[in-house]
Asks: 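My questions all concern the structure below.
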Amino acid sequence: MFPYEVLEAWFGTDFGPATPEDISRLSGPQCVDLAEHLRGAARTPTALPRATRPGELRPNVTTMRALDLAWGPNNLMDRVCTLLTYARAATAFDPLTFTVEEWATAPGSGWDPAELREVLAGAAGALVELYPLVASGALDLLPPATCRDFADGLPAFEVDSELLRRYSESGLSDAIGDFNRDLGGRHPTGRFRGYQHLWEIRQDLALVERYPQILQPLFVAGFDADLAGLLLERPTSPSEDHVAALAGFRFPTYQVTARKVAELRGLDEFQSWFQALSVALLNVDLSAQTVRDAQAFVHDTLTGPAQVLMKSFESHAWREVRRTGVERLVVGALTGLASVSVGATLTTSVATGAASAAAGTAWSGFRARGRKTSLDVPFLSMRPDPDGSAKPAVILPTGPLF
């Protein structure tokens with residue numbers, strides 16, 4: 001399990017709760033040696049998690065990396081636990097090798113050894129918290145090369161006049177409002193509000209295409225899926241939908257620990273829900289079905305297990321945990337991933353070195369599966385439901401799901 005086995009090999013002992021303290025006792029040169037060893041290990045193909053299985057929904061909790069930097073490891077843990085109450089598996093950035101990469105790429109002389117020791121120990125503490133989920137197979141940790149902050153070869157930010165025109169005409173700028181006020185600092189006028197966020201979505205999609213059997217998007221705002229659809233739109237057929245929302249649910253969210261997540265996921269109601277998700281994803285092919293037909297099938301497949309799951313919220317299993325809100329959870333699929341209409345196609349943005357070889361292997365396997373359909377790259381959208389006081393419910397596909 002990356003990066004746990006890397007730490008175990010370096011220290012010559014099993015990873016455990018004492019590992020952060022072991023790091024805090026290292027000398028300055030030892031800290032630098034450990035950091036360089038971790039950085040090298042993160043750049044090898046073995047650092048990548050396993051490929052997703054057919055029909056598996058495994059969203060990347062840390063698609064929105066900029067938000068994770070502000071939220072920190074504790075909030076990352078909250079997000080992971082919330083997601084894993086409804087998804088069978090998830091991916092998230094590895095806090096340890098991300099910390100190392102931030103150290104290695106810091107401007108100037110970087111951090112002093114004492115600061116490096118402190119942040120490495122803190123990141124190892126986050127690994128201790130995440131370990132039960134990783135050991136159970138519910139969570140896979142990602143190396144820095146799979147994230148827009150540190151990946152090679154991603155399209156650099158620019159003001160593309162055609163994209164900006166379509167973005168302005170879409171009305172999404174009004175929908176986004178001031179959500180990304182600070183992200184448009186290079187262009188402070190209202191026209192560019194949220195445009196850099198759109199570019200970040202483009203970089204995330206480029207990484208999904210680079211690692212199609214590893215990364216699946218998690219959209220964390222209602223307009224993120226719309227932005228992805230704008231990016232995947234073909235100029236020759238702008239009315240064709242490339243972001244298909246297949247089924248929507250209003251589910252409660254709870255403040256749960258990793259231990260409680262494991263307990264809940266063992267319940268029959270959750271196992272039935274996970275199995276239904278797999279059946280739905282395995283048996284929909286948007287290259288041969290209309291979106292309406294696909295929605296009807298997924299809705300029918302998931303409604304029964306979802307209703308049973310919702311009934312379980314009234315059981316004793318939930319009484320000891322605090323409800324934090326209601327999320328609108330949408331299962332969907334990306335189509336036409338290789339057809340981004342801005343500049344070069346996403347496939348021209350390739351990784352370098354070992355990451356390039358791993359990406360090529362993943363892409364070849366993706367193509368070899370025989371059908372490059374949307375459900376090769378499913379996604380999950382989660383956002384607070386506008387009617388947060390409403391009871392859990394299945395959202396009918398006759399109206400908007402996001």
Side-chain angles (χ1 to χ4, degrees), residues 57-59 61 63-64 67 75 78-90 175-176 179 216-229 241 243-256 260-261 264-265 267-281 284 291-292 294-333 378-402:
L57 183 65
R58 188 180 68 173
V61 185
T63 297
M64 292 302 298
L67 297 181
N75 291 297
D78 290 342
R79 291 178 69 193
V80 168
C81 287
T82 296
L83 179 62
L84 286 177
T85 54
Y86 299 118
R88 185 184 290 275
I176 293 173
F179 183 81
Q216 296 178 1
L218 172 67
F219 296 127
V220 295
F223 48 77
D224 280 354
D226 294 326
L227 292 174
D241 191 0
V243 177
L246 299 177
F249 306 90
R250 188 181 292 115
F251 281 151
T253 54
Y254 295 88
Q255 188 174 32
V256 289
K260 190 64 178 178
V261 167
L264 294 172
R265 288 163 60 88
L267 298 175
D268 290 342
E269 296 93 329
F270 279 84
Q271 291 303 311
S272 296
W273 164 253
F274 296 147
Q275 182 61 32
L277 271 176
S278 180
V279 170
L281 294 176
V284 170
V291 171
R292 185 179 296 276
Q295 285 179 334
F297 171 76
V298 175
H299 175 80
D300 290 346
T301 303
L302 297 182
T303 293
Q307 290 173 336
V308 172
L309 181 61
M310 292 171 192
K311 184 66 175 177
S312 75
F313 297 147
E314 303 171 8
S315 71
H316 67 88
W318 296 95
R319 291 175 185 168
E320 62 187 76
V321 294
R322 184 173 68 88
R323 178 167 163 168
T324 58
V326 176
E327 291 275 336
R328 181 169 291 222
L329 184 149
V330 176
V331 179
F379 70 81
L380 189 67
S381 172
M382 292 184 71
R383 69 179 181 93
D385 191 86
D387 190 1
S389 61
K391 292 183 178 180
V394 178
I395 301 173
L396 297 177
T398 52
L401 296 177
F402 291 115

Asks: Go through the steps for His299 and Leu396 under the test side chain to side chain contact (heavy atoms under 4.5 Å, CB included), then give the verdict.
Replies: CA-CA 8 Å; His299 175 80; Leu396 297 177; 4.0 Å; yes
Asks: So does Arg265 get a backbone contact from the side chain of Gln271, meaning a donor-acceptor N/O pair under 3.5 Å?
Replies: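 A pair under 3.5 Å: yes.
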Asks: What is the minimum heavy-atom distance between Leu277 and Leu302, and which atoms define it?
Replies: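 Looks like N-CD2, 3.6 Å.
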Asks: Do Ser312 and Trp318 have side chains that get closer than 4.5 Å, going by heavy atoms?
Replies: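 Side-chain contact under 4.5 Å: yes.
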Asks: Looking at side-chain heavy atoms only, is the closest gap between Arg323 and Tyr254 below 4.5 Å?
Replies: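 Of all side-chain heavy-atom pairs linking Tyr254 with Arg323, at least one is under 4.5 Å.
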Asks: Decide side-chain hydrogen bond (donor to acceptor under 3.5 Å, both in side chains) for Gln255 and Arg322; before the verdict, give the C-alpha distance in whole Å, the side-chain angles of both, and the deciding distance to 0.1 Å.
Replies: CA-CA 6 Å; Gln255 188 174 32; Arg322 184 173 68 88; 3.1 Å; yes
Asks: For Arg58 versus Gln216, what's the shortest heavy-atom pair and its separation?
Replies: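 Shortest heavy-atom separation between Arg58 and Gln216 comes out as N-OE1, 2.7 Å.
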Asks: Shortest non-hydrogen contact from Leu84 to Phe274?
Replies: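 Closest heavy-atom pair between Leu84 and Phe274: O-CZ, 4.4 Å.
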Asks: Is a side-chain donor or acceptor of Trp273 paired with a backbone partner of Leu309 at a separation under 3.5 angstrom?
Replies: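 Checking the backbone N and O of Leu309 against the side chain of Trp273, no donor-acceptor pair under 3.5 Å is found.
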Asks: For the atom pair CG (Leu264) and OH (Tyr86), what is the distance rounded to the nearest 0.5 Å?
Replies: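 These two atoms lie 9.0 Å from each other.
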Asks: Is Arg88 close to Phe270 at the side-chain level, that is, under 4.5 Å between some pair of heavy atoms?
Replies: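 No, side chains not in contact.
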Asks: Under 4.0 Å between a Lys/Arg side-chain N and an Asp/Glu carboxylate O for Arg250 and Glu327?
Replies: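 No salt bridge links Arg250 with Glu327.
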Asks: Taking the side chain as every heavy atom from C-beta outward, state whether Leu380 and Val330 have any pair of such atoms under 4.5 Å apart.
Replies: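 No, too far: nothing below the 4.5 Å cut-off.
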Asks: Please report the shortest heavy-atom distance between Phe249 and Ala306, naming the atom on each side.
Replies: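 Closest heavy-atom pair between Phe249 and Ala306: CE2-CB, 3.6 Å.
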Asks: Start with the C-alpha gap between Phe219 and Met382, add the side-chain angles, then the distance that decides, and say whether side chain to side chain contact (heavy atoms under 4.5 Å, CB included) holds.
Replies: CA-CA 6 Å; Phe219 296 127; Met382 292 184 71; over 6 Å; no
Asks: Heavy atoms only: give me the nearest Pro59-Ala87 pair and the separation to one decimal.
Replies: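 Smallest interatomic distance, heavy atoms only, reads CD-CB, 4.1 Å.
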Asks: What is the distance from atom CG of Leu246 to atom CG of Leu281, rounded to the nearest 0.5 Å?
Replies: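 With rounding to 0.5 Å, CG (Leu246) is 8.0 Å from CG (Leu281).
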Asks: How about Lys260 and Glu320: do any of their side-chain heavy atoms sit closer than 4.5 Å?
Replies: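 Yes - at least one pair of side-chain heavy atoms lies under 4.5 Å apart.
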Asks: With heavy-atom distances below 4.5 Å as the criterion, would you say the side chains of Lys391 and Val326 are in contact?
Replies: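 No, their side chains stay 4.5 Å or more apart.
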Asks: Yes or no on side chain to side chain contact (heavy atoms under 4.5 Å, CB included) for Ser381 and Phe379, after CA distance, side-chain angles and deciding distance?
Replies: CA-CA 7 Å; Ser381 172; Phe379 70 81; 4.3 Å; yes
Asks: Does the side chain of Pro392 come within less than 4.5 Å of Phe313's, by heavy atoms?
Replies: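 Touching, per the 4.5 Å side-chain cut-off.
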Asks: With a 4.5 Å heavy-atom cut-off, do Val298 and Thr301 have their side chains touching?
Replies: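 Side chain of Val298 against side chain of Thr301, heavy atoms only: no contact under 4.5 Å found.
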Asks: Taking atom types as modelled, find out whether Thr82 and Thr253 have a side-chain donor-acceptor pair closer than 3.5 angstrom.
Replies: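 Looking only at side-chain atoms, Thr253 and Thr82 do not form any donor-acceptor pair under 3.5 Å.
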